Amino acid sequence: MENKVKNAGTARLEVAGRTVDLPVYSGTHGPNVIDIRKLYAETDHFTLDPGFTSTGSCESQITFIDGDEGILLHRGYPIEQLAEKSNYLELCYLLLNGELPSKTQFDTFSNEVRNHTLLHTQQDKFFEGFRRDSHPMAMLTGAVGGMAAFYPGAMGNEDPEERRISSIRLISKMPTIAARCMKYNLGQRFVDPQNKLSYSENFLNMCFSVTAEDYEINPILARAMDRFFMLHADHEQNASTSTVRLVASSGAHPFAAIAAGVASLWGPSHGGANEAALRQLREIGSLDKVPEFVKMAKDKSSGIRLMGFGHRVYKNYDPRAKVMQKTCYEVLDALDLHDHPLLKVAMELERIALQDEYFIEKKLYPNVDFYSGIILEAMGFPTKMFTVLFAVARTVGWIAQLSEMLEDPTQKIGRPRQIYTGAAMRDYAPITHR
Ligand code: CMC
């Protein structure tokens with residue numbers, strides 16, 4: 001990757017009687033950054049920023065978010081335009097290669113993705129080692145990490161062609177692995193991929209078809225699935241992406257790094273929010289309980305948060321949530337589900353929270369996970385599968401970010417520092433003297 005930051009002056013810092021001038025850089029969009037790489041060498045001080053609320057970890061040319069304006073761009077293209085006019089595989093190509101493909105490039109790429117969908121038969125045996133009721137995210141983490149055993153050559157981080165093939169393999173095989181996680185939980189036979197189907201159709205077929213009956217793929221649901229994948233494809237340096245970068249920065253196998261990303265995504269503050277939001281809707285149960293629940297979510301002592309609301313970066317409406325909301329209504333129309341009790345609770349929660357002073361003042365809007373949970377529930381996915389679907393979609397983002405990091409000449413192993421507040425240095429006392 002060619003580094004493209006521009007000089008934008010200096011910032012002067014005075015600390016412990018020393019003055020240091022730190023370079024300031026500007027990017028294409030977004031706030032300028034202060035380069036503190038020399039801070040420790042020149043001042044003998046570190047910075048402290050738990051949660052990285054003011055810290056950039058890398059230069060990136062993939063995704064841009066303006067949380068105040070509610071803007072999300074992939075390689076410069078607004079997510080709303082991509083969601084309306086493009087499709088998931090085209091977005092994968094864009095994220096990985098930087099430009100939209102020509103017709104020939106797109107056909108070659110999608111044929112390659114379609115031709116790597118099968119899993120090694122030994123990999124199918126992994127699943128038998130899990131309890132039937134295992135959480136599918138536990139199975140997914142194990143199965144993705146285990147892929148490193150099948151493709152040891154992919155370790156060659158320096159070889160761009162090896163990395164390209166690994167990317168294709170991961171994008172192709174993630175839906176197959178994810179669908180197997182669902183089938184294993186259900187106690188049904190695995191359904192093999194059908195390469196004549198589109199990416200989303202193939203996934204729905206592997207999840208919902210059974211050998212005993214014909215399964216007809218509803219085009220509205222296939223489009224909704226594709227949108228879901230697009231809206232979750234990348235989101236710059238979030239927890240799971242930063243995890244992937246950090247793991248791979250040591251030179252670890254890329255599939256192991258992606259497995260670490262899956263593990264990070266699982267948490268309810270991140271990708272696990274779609275599952276947590278749906279569980280919360282079930283807990284609320286009926287329309288009359290909504291006001292009481294909203295009251296509890298505003299009271300810190302209750303320990304309850306409204307899942308699917310709020311975002312670390314978006315302090316305006318999440319642009320993905322707008323598209324997801326529209327898709328949500330399309331799916332409910334297509335399935336004639338507007339009277340589904342759980343979905344009615346969701347709509348009431350959205351209505352009340354959007355009018356409530358607490359949520360308005362703290363800029364807590366429904367996020368992408370709020371609507372995606374409703375869509376996935378309506379489509380018939382078990383709640384435990386929601387975060388797995390997010391992981392399938394985010395795989396391309398993780399790969400694009402990992403590749404970018406490996407091609408960045410300024411890349412180093414990630415190694416944050418700390419402020420130590422433990423015991424001061426002291427001498428060891430033998431056990432008889434304690
Ligand atoms: N319900 C009630 N109050 C909330 C909520 C919520 N969902 N989210 C934040 N707050 C309050 C919080 O109590 C705090 O109040 P105060 O200023 O009085 O202390 C204030 O809003 C700011 O919260 P914060 O925790 O400092 O904000 P953050 O940026 O660290 O957290 C968040 C962002 C997404 C973790 C948080 O909003 C949250 O826990 N939301 C619910 C979980 C969720 O939906 N997560 C999905 C995120 S989107 C998918 C993804 O990108 O992975």
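Numbering of ligands and ligand atoms starts at 1, following listing order. In this text, all values refer to a predicted model and were calculated from it rather than measured experimentally.
When heavy-atom distances to ligand 1 are checked against a 4.0 Å cut-off, Lys298 has no atom that comes that close, whether in backbone or side chain. With a 4.0 Å cut-off on non-hydrogen atoms, Tyr358 touches ligand 1 through its side chain and not its backbone. Residue contacts with ligand 1, taken as heavy atom pairs separated by less than 4.0 Å, involve Ala297 solely via the backbone atoms N, CA, C and O. Within the 4.0 Å heavy-atom criterion, neither part of Met296 lies near ligand 1.
Aromatic ring orientation, Phe127 versus Phe190: perpendicular (interplanar angle above 60°, classes split at 30° and 60°). Using cut-offs of 30° and 60° for the angle between ring planes, the Phe229 and Tyr88 rings count as tilted. By the 30° and 60° cut-offs, the orientation of the rings of Phe255 relative to Tyr151 is perpendicular. Between His311 and His235, the two ring planes are perpendicular [angle over 60°; tilted spans 30° to 60°].
The closest protein non-hydrogen atom to atom 48 (S) of ligand 1 is His311 CD2, 3.3 Å. Closest protein heavy atom to atom 50 (C) of ligand 1: His270 ND1, 3.7 Å. Regarding atom 32 (C) of ligand 1, its nearest protein heavy-atom neighbour is Arg305 NH1, 4.3 Å. For atom 33 (C) of ligand 1, the closest heavy atom belonging to the protein is Arg312 N, 3.6 Å. Summary of contacts: the protein heavy atom closest to atom 1 (N) of ligand 1 is Leu306 N, 3.0 Å. Looking from atom 42 (C) of ligand 1 to the surrounding protein, the closest heavy atom is Met307 CE, 3.5 Å. Remark: minimum distance from atom 43 (C) of ligand 1 to any protein heavy atom is reached at Ala273 CB, 3.5 Å.
Taking the centre and axis of the six-membered ring of Tyr199, the NZ or CZ atom of Arg114 falls outside the cone set by 45° and 6.0 Å.
With contacts defined as side-chain heavy-atom distances shorter than 4.5 Å, the pair Glu377/Phe386 qualifies. Side chains of Met225 and Phe203 form a contact here, defined as non-hydrogen atoms less than 4.5 Å apart. Residues Tyr317 and Lys322 are in side-chain contact: their nearest non-hydrogen atoms beyond the backbone lie under 4.5 Å apart. Looking at heavy atoms from C-beta onward, Phe390 lies in side-chain contact with Leu265 at the 4.5 angstrom threshold.
Distances from atom 35 (C) of ligand 1 to the heavy atoms of Ser269, Ser302, Ala276 put Ser269 nearest. Remark: among candidates Gln280, Lys300, Arg394, the nearest residue to atom 19 (O) of ligand 1 is Lys300, based on non-hydrogen atoms.
Judged by distance alone, with hydrogens and angles left aside, the side-chain atoms of Ser242 form no donor-acceptor pair with the main-chain N or O of Ala239 at under 3.5 Å.
Per-residue contacts place Lys315 under 4.0 angstrom from the following atoms of ligand 1 (heavy atoms of the residue considered): 29 (O). Listed by atom number, the atoms of ligand 1 under 4.0 Å from Gly310 heavy atoms are 34 (C), 37 (O). Each of the atoms 11 (C), 15 (O), 16 (P), 17 (O), 18 (O), 20 (C), 21 (O) of ligand 1 lies under 4.0 Å from some heavy atom of Lys362. Within the listing of ligand 1, atoms 46 (C), 48 (S), 49 (C) sit less than 4.0 angstrom from a heavy atom of Asp369. Every atom of ligand 1 with a heavy atom of Gly308 under 4.0 Å away is listed here by number and element: 43 (C), 44 (O). Shown in contact with Gly271 at under 4.0 Å from a heavy atom are these atoms of ligand 1, numbered in order with element: 52 (O).
Put simply, CZ on Arg394 and OG on Ser240 are 5.5 Å apart, with the number rounded to the nearest 0.5 Å. Within the model, atoms CG of Leu91 and CG of Asp234 stand 8.5 Å from one another, a figure rounded to the nearest 0.5 Å.
Residue Phe390 has no N or O atom closer than 3.5 Å to an N or O atom of ligand 1. On a distance-only criterion, Phe309 and ligand 1 share at least one N/O pair closer than 3.5 Å. Residue Leu364 has no N or O atom closer than 3.5 Å to an N or O atom of ligand 1.
Protein heavy atoms come within 4.0 Å of atom 16 (P) of ligand 1. Within 4.0 Å of atom 28 (P) of ligand 1, at least one protein heavy atom is present.
Taking 4.0 Å as the cut-off between side-chain N and carboxylate O, Glu357 and Lys362 do not count as a salt-bridged pair. Under 4.0 Å is where a charged nitrogen must lie from a carboxylate oxygen, and between Glu283 and Lys289 no such pair does.
Assignment of Glu361 to the shell around ligand 1 is not supported, since no heavy atom sits closer than 4.0 Å.
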Please report the C-alpha distance between Phe370 and Phe309 in whole Å, then the side-chain angles of each, then the deciding distance to 0.1 Å, and finally whether the ring-ring contact (aromatic ring centres under 6.0 Å, His included) criterion is met.
-> CA-CA 7 Å; Phe370 179 73; Phe309 281 75; 5.1 Å; yes

